[in-house]
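Worth knowing before you read on, the calculation uses all heavy atoms, side chains too, and leaves out hydrogens, waters and symmetry mates. Predicted model, so just to flag it, every value in this text is computed and none were measured. Lettering of chains follows the sequences in order, A, B, ..., and the numbering in each one begins at 1.
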There are 2 protein chains.
Amino acid sequence: MDACTRLGEKFEGWQALGLDEERCPVRNLLDQIGDRWSILLISALAGGPKRFSALARAVPDISKRMLTQTLRTLEISGFVHRDVQPTVPPSVTYSLTPLGQSFAAPLLGLVDWAESNFATVLEARAQAKRAA
Amino acid sequence: MDACTRLGEKFEGWQALGLDEERCPVRNLLDQIGDRWSILLISALAGGPKRFSALARAVPDISKRMLTQTLRTLEISGFVHRDVQPTVPPSVTYSLTPLGQSFAAPLLGLVDWAESNFATVLEARAQAKRAA
DNA sequence: CGCTCAAGTCTCTATCTGAGACTTAGTCTA
DNA sequence: TAGACTAAGTCTCAGATAGAGACTTGAGCG
């Protein structure tokens, strides 16, 4: 059975549970990390721990506000560990937890797909624009 | 080399390109389908073509507005095909394109991870709440 | 005659996002 | 010695975005 069919069956299973955000793992996870920044920050931390300001530099167009907020959410869900050194000025280091690290494998699959199929997507968009 | 390290290296590669949304496949894709509904709709269509109203029923808490908008975006990026039967009332069927179908494989990896690690995430959140 | 359905569009409000100023105290610079 | 800079945020305000729900057109149904 191909992946597409299996995914379709998974979906029907979720439907049976009413696609409830509390109980459906995929809905739940998507609501947490299905945004513009979470995936990017997890990727940024995959190479090793980084400080707040290093992350801000690594992802140039994230605002401090969203950086703080996204890291807090990832921390609460157990993807990221936040380590505060109570110096002055404080030094805060973020790192992936074992859970966060284990997420790297499926994420890498997604990333590889994106890189392989990017040209196709661009072509589709160009064609859509011509048709418009 | 483990997935986490490899992901970290990928990220450094993107950084070298300035993480530009136009050129970085991951940024680009994330901006398109990194939202609450796209992944869910692709999963819903993985089982086979569906009509607009069937999709609305399949994903109960999506508004018509977001359903239309998300499907349009997916169509433009080449994930979804939109087939209009010019009857009265019109009958519109959505289906995954070959590109959309090929996306099912990495998506399934993500979904499996979510289902396997959901308990861990819930536990982390419960602990965060206790600590607060 | 009035109701419902198809697949949306439109408007209005609620929420979220981003930009940028502000904070504290120690170190570096002029 | 005054001024600037840094770390890791918080705060506020304006603008973008999401969701709820009314409205559309023509046909079939009771």
* To do: Considering only NZ, NE, NH1 and NH2 on the basic side and carboxylate oxygens on the acidic side, decide whether A:Arg36 and B:Asp31 come within less than 4.0 Å.
  => yes
- request: Would you kindly say whether A:Thr120 and A:Asn117 are connected by a side-chain donor-acceptor distance under 3.5 Å?
  value: no
B:Trp113 meets the ring pair (Phe, Tyr, Trp, His ring centres under 6.0 Å) criterion, sequence neighbours left out, with A:Phe79, A:Phe103
By nearest-heavy-atom nucleotide on DNA chain C, the more 5' of B:Arg51 and B:Thr68 is B:Arg51
5'-most to 3'-most nt of DNA chain C touching chain B (<4.0 Å, heavy-atom partner on protein side) reads C:dA6 to C:dT11
Decide yes or no for A:Arg51 and A:Leu55: does some side-chain heavy atom of the first lie under 4.5 Å from some side-chain heavy atom of the second?
-> no
Between protein and nucleotides 11-18 of chain D, what N or O pairs are separated by less than 3.5 Å?
unit_1 : atom_1 : unit_2  : atom_2 : d
D:dA18 : OP2    : B:Gln69 : OE1    : 3.4

Examine distances only and state if a side-chain atom of A:Thr70 and a backbone atom of A:Met66 form a donor-acceptor pair shorter than 3.5 Å.
yes
Any side-chain heavy atom of A:Gln101 sitting closer than 4.5 Å to one from A:Thr97? no
*asked:* Using side-chain heavy atoms (C-beta onward) and a distance below 4.5 Å, is B:Val92 in contact with B:Gln85?
replied: no
For A:Phe11, does its backbone N or O pair with a side-chain atom of B:Ser43 as donor and acceptor, under 3.5 Å? no
